[in-house]
Amino acid sequence: KEIEDADVVIVRLVPAVINQRQAEDTQKVDSVTRDEQTRTARRVEATNQWVFGFGPGVVSGLNYSESPIFYKFGFNWGVDFQFDVRLQFDGLTFSEVDDASFSNISIGANYYFNTNKTSPYVLVDFGRGSASAHTPEDEDLFQLNSDDDAQGFTLGVGGGLKFFRTSTVNLGVELRHVFMFDKTAITNNDISQTTLSLAVYW
């Protein structure tokens, strides 16, 4: 595409014709054209969006029967019209107690079933979580105390519905279940959470 590359093209074209090969296959470290340099650097630009959401949740394994408040904050990269890569931090707020906790940081993907303004999607993510169980006041502290915690890898699956995808600001509703691959240190309980959240993307 540039006259300066003419000598490089000729050097590669002659052996390609003689050996009956494609000219692209004769590329060497000293015979790269300027077009090939820029071509390898060109990529489809991803759509970048921040996301914040909250909603009710249900947790198991942390000795807490009420419904905690779920919150999330993250960043999405729209790889194409039907696929997002997501990086997210989320947690639970326990209003009735101050010793229970659940937080998680994860990376995953959303797949949208169509390219319409409103589209359902499924999600999967993998991350690292931390949790601690509530200590009832009437329990023996030698059997159940604030050290009843867990840290481990997490797996999240779910789905949702995203609205106003053709706008720069979107809304979404998401149902997600997260399981932690670790048990509480003392009570040896499996830990999981199920959340329903309303989110804004911008």
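These figures come from a predicted structure and were not determined experimentally. Heavy atoms only: backbone and side chains are in, while hydrogens, waters and symmetry mates are out. We count residues from 1, following the sequence as given.
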Item to check | Point-to-point distance, once rounded to the nearest 0.5 Å, from CG of L87 to CH2 of W77 | outcome: 5.0 Å

Checklist entry - Going by the angle between their ring planes, with limits at 30° and 60°, are F75 and W50 parallel, tilted or perpendicular? => result perpendicular

Item to check | Listed once per pair and sorted, the salt bridge (charged side-chain N to carboxylate O under 4.0 Å, His left out) pairs that draw on residues 150-171, sequence neighbours left out | outcome: D84-K162

Next on the checklist: Around atom CZ of F83, are there more than 12 heavy atoms from other residues, nucleotides or ligands closer than 6.0 Å?
Outcome noted: yes

Checklist entry - Is any side-chain heavy atom of F163 closer than 4.5 Å to a side-chain heavy atom of V173? => result yes

Next on the checklist: Which residues pass the ring pair (Phe, Tyr, Trp, His ring centres under 6.0 Å) test with F164, not counting sequence neighbours?
Outcome noted: none

Next on the checklist: Testing V59, T195, L62 one by one against P68 for a side-chain contact (heavy atoms from CB on, under 4.5 Å), which residue passes?
Outcome noted: V59

Checklist entry - Would you call M180 and Q193 a side-chain contact if the rule is heavy atoms closer than 4.5 Å? => result no

Item to check | Side chains of D190 and F179 in contact at under 4.5 Å (non-hydrogen atoms) | outcome: yes

Checklist entry - Only one of V124, I107, D125, V51 forms a side-chain contact (heavy atoms from CB on, under 4.5 Å) with R86, so which one is it? => result D125

Checklist entry - Can we call the ring centroids of F153 and F126 under 6.0 Å apart? => result yes

Next on the checklist: A quick test of your reading: do over 12 heavy atoms of other residues, nucleotides or ligands sit less than 6.0 Å from CZ of F54?
Outcome noted: no

Item to check | side-chain hydrogen bond (donor to acceptor under 3.5 Å, both in side chains) involving D90 - partner list, sequence neighbours excluded | outcome: Q88, R176

